[in-house]
Engineer: 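Okay, here's the structure, questions in a sec.
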Amino acid sequence: MYMSSEAISPLTTALCSNLFDAAAQATDLNSAMRQIDSFMRLMVGPVTFSINLNVTTADDPANEVQLQRFYSSNAGEFPVAGRKRKTLTPWTETLFARGQVFVAEGSHELAEIFDDYDRMAPLGLNAVINVPILQGNICFATFNVFGVRGRWLPHEVVTVRLLALLVARWVVPAPGLHYSLGATKAGN
């Protein structure tokens, strides 16, 4: 879809240009994530975000995905290296089998999706955008943004998807990554 230059505000253009330049100059993951976090707060508001690395191997049960937190903007509540096991659900099918963005809104919906929602609820987190980070058709990580809002606006979902693309340069697939969900098989 073509968008005329009048539809993109000068402020958005300047912010995006500054972010892309800053991300290109970042020397490590933490400095890049500080830039991403600052930009996200400007564009989306207060959020908690993380990157989960898919660490599933051929030795893990079929129809399960093993995730390990690679980065957390709130390491006190959601520490780096924290692990979780996800079974075959609409969430895993969307992200890991189809490689599509997952958006959920409302505490009831998040409680159904996330086993650890009891840790999120006291922080007021009640909306999520999960973006798969892909290599080919393989989802090797997820970029997860949790907000304190009733619903996401379309431009916020697009912003988070763009930020996930920027983050991808700092994340590499786990060695031995191999998973299968239903008929989908991924491995290297």
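Because the structure is predicted, anything quoted here is derived from the model rather than measured.
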Engineer: Test: salt bridge (charged side-chain N to carboxylate O under 4.0 Å, His left out). Region: residues 53-68. Which pairs qualify, not counting sequence neighbours?
Structural biologist: Glu64-Arg85
Engineer: For Ser31 and Ala26, work out which heavy atoms get closest and say how close.
Structural biologist: OG-CB, 3.5 Å
Engineer: Return a table of donor-acceptor pairs under 3.5 angstrom between the side chains of residues 159-176 and protein atoms on other chains or two or more places apart.
Structural biologist:
from   : atom 1 : to     : atom 2 : distance (Å)
Thr159 : OG1    : His155 : O      : 2.8
Arg169 : NH1    : Ala23  : O      : 3.4

Engineer: Pairs in or reaching into residues 122-154: which pass ring pair (Phe, Tyr, Trp, His ring centres under 6.0 Å), with residues at least two apart or in two chains?
Structural biologist: Phe49-Phe143, Phe114-Phe146
Engineer: Taking atom CE of Met120 and atom OG1 of Thr48, what is their separation to the nearest 0.5 Å?
Structural biologist: 9.5 Å
Engineer: Does anything in residues 49-58 form a salt bridge (charged side-chain N to carboxylate O under 4.0 Å, His left out)? List the pairs, not counting sequence neighbours.
Structural biologist: none
Engineer: Following the transitive rule for hydrophobic clusters with a side-chain heavy-atom cut-off under 4.5 Å over Ile, Leu, Val, Met, Phe, Trp and Tyr, establish whether Leu123 and Leu110 coincide in one cluster.
Structural biologist: yes
Engineer: For the hydrophobic clusters of this structure (ILVMFWY residues joined by side-chain heavy atoms under 4.5 Å, transitively), does one cluster hold both Met40 and Leu42?
Structural biologist: yes
Engineer: Could you report the tightest heavy-atom contact between Gly147 and Val47, atom names first, then the distance?
Structural biologist: CA-CG1, 4.3 Å
Engineer: Is Val101 close to Ile129 at the side-chain level, that is, under 4.5 Å between some pair of heavy atoms?
Structural biologist: yes
Engineer: To the nearest 0.5 Å, what is the distance between CG on Leu125 and CG on Asn74?
Structural biologist: 8.0 Å
Engineer: Hey, does Thr142 have a side-chain heavy atom less than 4.5 Å from the side chain of Phe102?
Structural biologist: no
Engineer: Tell me the closest heavy-atom pair linking Leu67 and Lys86, and the distance in Å.
Structural biologist: CD1-CG, 3.8 Å
Engineer: Can you tell me how far CD of Gln100 sits from CG of Asn130, rounded to the nearest 0.5 angstrom?
Structural biologist: 13.0 Å
Engineer: Taking the side chain from Asn54 and the backbone from Cys139, do they hold a donor-acceptor pair closer than 3.5 Å?
Structural biologist: yes
Engineer: With heavy-atom distances below 4.5 Å as the criterion, would you say the side chains of Ser73 and Met33 are in contact?
Structural biologist: no
Engineer: Measure the spacing between CG of Leu88 and CZ of Phe96 and express it to the nearest 0.5 Å.
Structural biologist: 12.0 Å
Engineer: Is any side-chain heavy atom of Val103 less than 4.5 Å from a side-chain heavy atom of Val128?
Structural biologist: no
Engineer: Rounded to the nearest 0.5 Å, what separation is found between the CD atom of Glu109 and the CG atom of Asn126?
Structural biologist: 11.0 Å
Engineer: Taking all non-hydrogen atoms of both residues into account, name the closest pair between Thr94 and Pro90 and its distance.
Structural biologist: OG1-O, 2.7 Å
Engineer: Name all pairs fulfilling the salt bridge (charged side-chain N to carboxylate O under 4.0 Å, His left out) condition that reach into residues 28-44, sequence neighbours left out, sorted by first residue then second.
Structural biologist: Asp37-Arg41
Engineer: Decide yes or no for Ile36 and Tyr71: does some side-chain heavy atom of the first lie under 4.5 Å from some side-chain heavy atom of the second?
Structural biologist: no
Engineer: With heavy-atom distances below 4.5 Å as the criterion, would you say the side chains of Gln66 and Tyr179 are in contact?
Structural biologist: no
Engineer: Under the salt bridge (charged side-chain N to carboxylate O under 4.0 Å, His left out) definition, can you give me all pairs with a residue in residues 144-155, not counting sequence neighbours?
Structural biologist: Glu105-Arg151, Arg149-Glu156
Engineer: Looking at side-chain heavy atoms only, is the closest gap between Tyr117 and Ser107 below 4.5 Å?
Structural biologist: yes
Engineer: Please give me the minimum heavy-atom distance between Arg69 and Pro79, naming the atom from each residue.
Structural biologist: NH1-O, 2.7 Å
Engineer: Could you see if Val44 belongs to whatever hydrophobic cluster contains Val148? Use Ile, Leu, Val, Met, Phe, Trp, Tyr and a side-chain cutoff under 4.5 Å.
Structural biologist: yes
Engineer: Could you measure the distance from the CG atom of Leu177 to the CG atom of Leu53? Nearest 0.5 Å is fine.
Structural biologist: 8.0 Å
Engineer: Yes or no on salt bridge (charged side-chain N to carboxylate O under 4.0 Å, His left out) for Asp116 and Lys84, after CA distance, side-chain angles and deciding distance?
Structural biologist: CA-CA 9 Å; Asp116 56 351; Lys84 59 174 107 176; 3.4 Å; yes
